[in-house]
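Following: one structure in structure tokens, then a few remarks.
Numbers restart at 1 for each chain; the letters A, B, ... are given by sequence-line order, proteins then strands. Everything quoted here is computed from the prediction, not taken from an experiment.
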Amino acid sequence: MGLDVQYVGNDAYVAATVLSLGAKENYKHYVWKTQTDAPYIPQYFAFKEGPVLKAFIERYISQQTILPDIFVVDGQGTAHPRKAGLACWLGVALQKTVIGCAKESLLPYESPSEEAMSYKAIRLEESIVGYMLRSQSNTKPICISAGHLINQEQALAIIQQLIGKYRNPDVMRLADQTARTFAKGILNASEKVIFL
DNA sequence: GCGACAG
DNA sequence: ATCTTGTCGC
């Protein structure tokens with residue numbers, strides 16, 4: 001399950017895209033609107049988006065019978081100055097497997113080679129805290145790191161499998177797109193869209 | 001003190 | 001994240 005939130009003032013429009021690795025074209029979107037007054041503070045993004053995603057997932061779990069194996073969020077996991085990004089916060093709060101997939105890194109990194117799927121480790125205090133992944137050639141790399149109940153290599157491998165024709169993995173791109181149209185009030189109802 | 005800083 | 005047009009490329 002890929003998750004994203006769009007904010008319009010204190011309104012939070014949450015969207016989740018659910019798909020299987022074996023059949024990525026059979027996705028479904030789940031959307032829900034809620035409120036938050038938490039501010040965005042760099043390095044403390046988890047305290048803004050974490051509670052929103054936690055409430056969304058608890059709601060999802062209470063209504064659905066089949067639950068996702070892995071959650072992917074738009075933010076950092078351990079690739080964070082204190083190794084404690086949004087993906088860690090959410091994973092610990094729910095005791096679920098979460099991966100962080102961000103478009104920018106908070107930590108310095110060396111650029112992966114230009115070829116698609118090449119990657120470079122992000123290190124902090126001697127240890128690997130994530131990977132910069134060149135999801136497409138000639139495109140800025142994305143930042144992948146483990147959040148909870150998964151290791152860095154597995155997190156990287158899962159995201160690599162979710163990459164399609166675009167820079168961001170399909171679950172993230174679709175969730176982002178859905179949250180956007182939902183927030184703008186132009187989300188088309190269909191059998192693929194479920195309002196929670 | 002000033003700037004930089006996931007979204 | 002958001003403010004914003006056309007434009008280049010697959």
query: Across the strands shown, which category fits A/A79 at heavy-atom distances under 4.0 angstrom: base, sugar-phosphate, nothing?
result: nothing
message: Categorize A/I41 for me: base, sugar-phosphate, or nothing, with a 4.0 angstrom heavy-atom threshold over every strand shown.
response: nothing
message: What is the distance, to the nearest angstrom, from the CG atom on A/L3 to the P atom on C/dA1?
response: 15 Å
field: Sole candidate of A/D74, A/L3, A/L53 that passes side-chain contact (heavy atoms from CB on, under 4.5 Å) when paired with A/L86
entry: A/L53
query: Between OG of A/S105 and NZ of A/K140, what distance do you get to the nearest 0.5 Å?
result: 10.0 Å
- prompt: Going through the distances and angles, do A/V129 and A/L107 end up as a side chain to side chain contact (heavy atoms under 4.5 Å, CB included)?
  reply: CA-CA 10 Å; A/V129 294; A/L107 302 173; 3.8 Å; yes
- request: Any chance you could lay out the side-chain hydrogen bond (donor to acceptor under 3.5 Å, both in side chains) test for A/Y40 and A/E49, step after step, and finish with the verdict?
  value: CA-CA 9 Å; A/Y40 166 64; A/E49 190 143 313; over 6 Å; no
query: What stems involve DNA chain B, if each pair must be Watson-Crick or G-U and both of its distances must be under 3.5 Å, with 3 or more such pairs in a row?
result: none
- prompt: Side chains of A/Q160 and A/Y119: donor-acceptor distance under 3.5 Å anywhere?
  reply: no
query: Under a criterion of less than 4.0 angstrom to any heavy atom of chain A, what are the 5'-terminal and 3'-terminal contacting nucleotides of DNA chain B?
result: B/dC5 to B/dG7
message: My understanding is that only residues two or more places apart in sequence, or in another chain, count here; which of them pass salt bridge (Lys or Arg N to Asp or Glu O under 4.0 Å) with A/R134?
response: A/E114
message: Base, sugar-phosphate or nothing for A/Y166? Non-hydrogen atoms, less than 4.0 Å.
response: nothing
- request: Would you kindly check if the NZ (Lys) or CZ (Arg) of A/K184 is within the cone defined by 45 degrees around the ring axis of A/Y13 and under 6.0 Å from the six-membered ring centre?
  value: no
task: Tell me, please, which residues at least two apart from A/D170 pass salt bridge (Lys or Arg N to Asp or Glu O under 4.0 Å).
output: A/K24, A/R173
- prompt: Got a second to check how far A/E58's CD is from A/Q63's CD, nearest 0.5 Å?
  reply: 12.5 Å
query: Can you give one letter per nucleotide of nucleotides 4-10 of chain C, 5' to 3': B if a protein heavy atom sits under 4.0 Å from the base, S if only from the sugar-phosphate, - if neither?
result: -------
Distance, rounded to the nearest Å, where A/R180 contributes CZ and C/dC3 contributes P: 10 Å
- prompt: Quick one: OG on A/S135 to NZ on A/K165, what's the gap to the nearest 0.5 Å?
  reply: 14.0 Å
message: For A/F182, does the six-membered ring have the charged nitrogen or CZ of A/K33 within the cation-pi criterion, i.e. under 6.0 angstrom from the centroid and within 45° of the normal?
response: no
message: For a quick check under 3.5 Å, do A/S145 and A/K83 share a side-chain donor-acceptor pair by atom type?
response: no
statement: One should read off an interatomic distance between A/I194 CD1 and A/H29 NE2, to the nearest 0.5 angstrom, of 9.0 Å
- line: Per-residue pairing states of DNA chain C in dot-bracket (Watson-Crick or G-U under 3.5 Å; . unpaired, | other strand) read ..........
- request: Would you classify A/Q43 as touching base, sugar-phosphate or nothing, given that sugar-phosphate means primed atoms plus P, OP1 and OP2, and contacts are heavy atoms under 4.0 Å?
  value: base
message: Under 4.0 Å, counting only non-hydrogen atoms across every strand here, what does A/K48 touch: a base, just sugar-phosphate, or nothing?
response: nothing
